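Report on one structure; see the data block that follows.
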Amino acid sequence: MPLKRGETKDTAMTARTQEIISRLKREYPEAKTELNWSSPLELLVATILSAQCTDVRVNRVTETLFRKYRSAEDYAQASPGELEEDIRPTGFYRNKAKAIRGMAQAILTEHGGEVPRSMEELVALPGVGRKTANVVLGNAFGVDEGIVVDTHVRRVAQRLGLTGHSDPEKIERDLMQSVPREEWTVFSHLLIFHGRRVCKARRPLCEDCVLNDICPSSLV
DNA sequence: CTCCCGATAT
DNA sequence: ATATCAGGAG
């Protein structure tokens, strides 16, 4: 996409990103989180469980988990071994169980049992980084505080040339500069949907990609 | 940087 | 057999 007269490189970048967003919205009008949840606490737990694990398997585990654990107090008081068994199929189950218990205890002692609504408070919770905090802020609280950079967003953003970095925080800063703030949350969902269905890690389906004519990595 | 870790797709 | 999956902590 050539620069127009008087157009800065920065606004050109935004225009290209807008074209990407426009096409992906047409392709995935239903794009949203595929984790099942019905409260901020449930989304927080599901997102912690989703590390290196498919959403389908997380949902399989939480279907029963959320019936058994209904409050931060339930997780905080859970026996460590029992909670580990309850989440085992999601992998990393010892780390995740410890994170969930520690997170729940911190929510009880420091936030009155309610999931906090700020980035600073969320990332201070055990097992919660920027990615998980952005998921909760964007989806449970409707706040566009940042952009979720997971394995799909990283891969798709790199292939599209939207960032030259591999560090998630640097990628997030690049994306926040070119994506309008009110689109931050939906942008993450669009890249994640596209990453799962077309721009896959192993064998990307470039011939079926609606962005292949504006993608520097296209194989078509 | 390494470690954590089970389940599924290729 | 091996890569990959809504990462985070040490």
Side-chain angles (χ1 to χ4, degrees), chain A residues 24 28 30-37 40-66 75 80-81 83-107 115 119-141 144-159 163 165-172 175 184-206 208 219:
Chain A
L24 290 181
Y28 312 110
E30 77 287 7
K32 62 175 176 53
T33 176
E34 298 193 283
L35 294 170
N36 293 335
W37 56 281
L41 179 65
E42 287 191 355
L43 181 58
L44 180 52
V45 172
T47 307
I48 290 174
L49 292 179
S50 71
Q52 296 295 299
C53 176
T54 62
D55 284 1
V56 173
R57 198 152 14 99
V58 172
N59 289 334
R60 207 145 55 213
V61 166
T62 56
E63 184 178 0
T64 56
L65 188 76
F66 291 162
Y75 291 109
L83 183 55
E84 286 179 5
E85 290 308 311
D86 291 334
I87 67 172
R88 178 186 286 273
T90 66
F92 297 164
Y93 58 89
R94 280 189 287 263
N95 285 353
K96 289 174 181 176
K98 186 184 297 183
I100 290 171
R101 282 192 353 114
M103 170 274 289
Q105 288 167 1
I107 286 180
V115 177
M119 171 65 70
E120 185 182 359
E121 292 171 309
L122 282 167
V123 298
L125 298 172
V128 179
R130 274 195 72 89
K131 180 261 171 182
T132 299
N134 276 327
V135 169
V136 172
L137 289 169
N139 297 282
F141 297 137
D144 289 304
E145 178 78 20
I147 293 179
V148 172
V149 180
D150 69 344
T151 182
H152 299 295
V153 173
R154 173 163 83 179
R155 181 181 65 253
V156 177
Q158 286 176 339
R159 285 177 176 171
T163 181
H165 292 107
S166 54
D167 173 41
E169 292 200 20
K170 293 179 180 174
I171 294 174
E172 185 180 0
L175 297 179
W184 284 356
T185 297
V186 69
F187 180 77
S188 301
H189 291 143
L190 291 171
L191 262 57
I192 290 167
F193 266 59
H194 194 58
R196 283 177 175 150
R197 289 158 175 72
V198 178
C199 196
K200 301 189 289 185
R202 280 228 199 163
R203 196 175 76 79
L205 308 177
C206 296
D208 298 328
L219 305 174

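No experiment lies behind these values; they were computed from the predicted model shown. Each chain gets a letter, A, B and so on, in the order the sequences are listed, and its residues count up from 1.
- Spacing of C1' atoms, dC5(C) relative to dC4(B), comes out at 14 Å, to the nearest Å.
- Among the heavy atoms of the strands lying under 4.0 Å from R88(A) are primed sugar atoms or P, OP1, OP2 only; no base atom is included.
- At the phosphate of dC5(B), OP1 or OP2 sits under 4.0 Å from a side-chain N or O atom of R94(A).
- Between the S188(A) side chain and the V148(A) main chain, a donor and an acceptor come within less than 3.5 Å of each other.
- With 3.5 Å as the limit, one finds no donor-acceptor pair spanning the side chains of N139(A) and T33(A).
- Note that R94(A) lies outside the cation-pi zone of F92(A), set by a 6.0 Å cut-off to the ring centre and a 45° limit from the axis.
- Counting to the nearest Å, the C1' atom of dA7(B) and the OH atom of Y93(A) are 14 Å from each other.
- Along DNA chain B, the nucleotide nearest K96(A) and the nucleotide nearest R60(A) are compared for position; the residue whose nucleotide lies closer to the 5' end is K96(A).
- In this structure, L49(A) places its CG atom 13 Å from P of dC5(B), rounding to the nearest Å.
- There is no side-chain donor-acceptor pair under 3.5 Å between N36(A) and E42(A).
- A distance of about 14 Å separates the P atoms of dC5(B) and dG10(C), rounded to the whole Å.
- Spacing of P atoms, dA6(C) relative to dC1(B), comes out at 23 Å, to the nearest Å.
- Using a 4.5 Å heavy-atom cutoff, the side chains of R101(A) and P80(A) are in contact.
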Nucleic acid footprint by protein, nucleotides 3-10 of chain C - heavy-atom cut-off 4.0 Å, B for base, S for sugar-phosphate alone: BSBBBSS-
E63(A) and R57(A): CA distance, side-chain angles, deciding distance, salt bridge (Lys or Arg N to Asp or Glu O under 4.0 Å) verdict: CA-CA 10 Å; E63(A) 184 178 0; R57(A) 198 152 14 99; over 6 Å; no
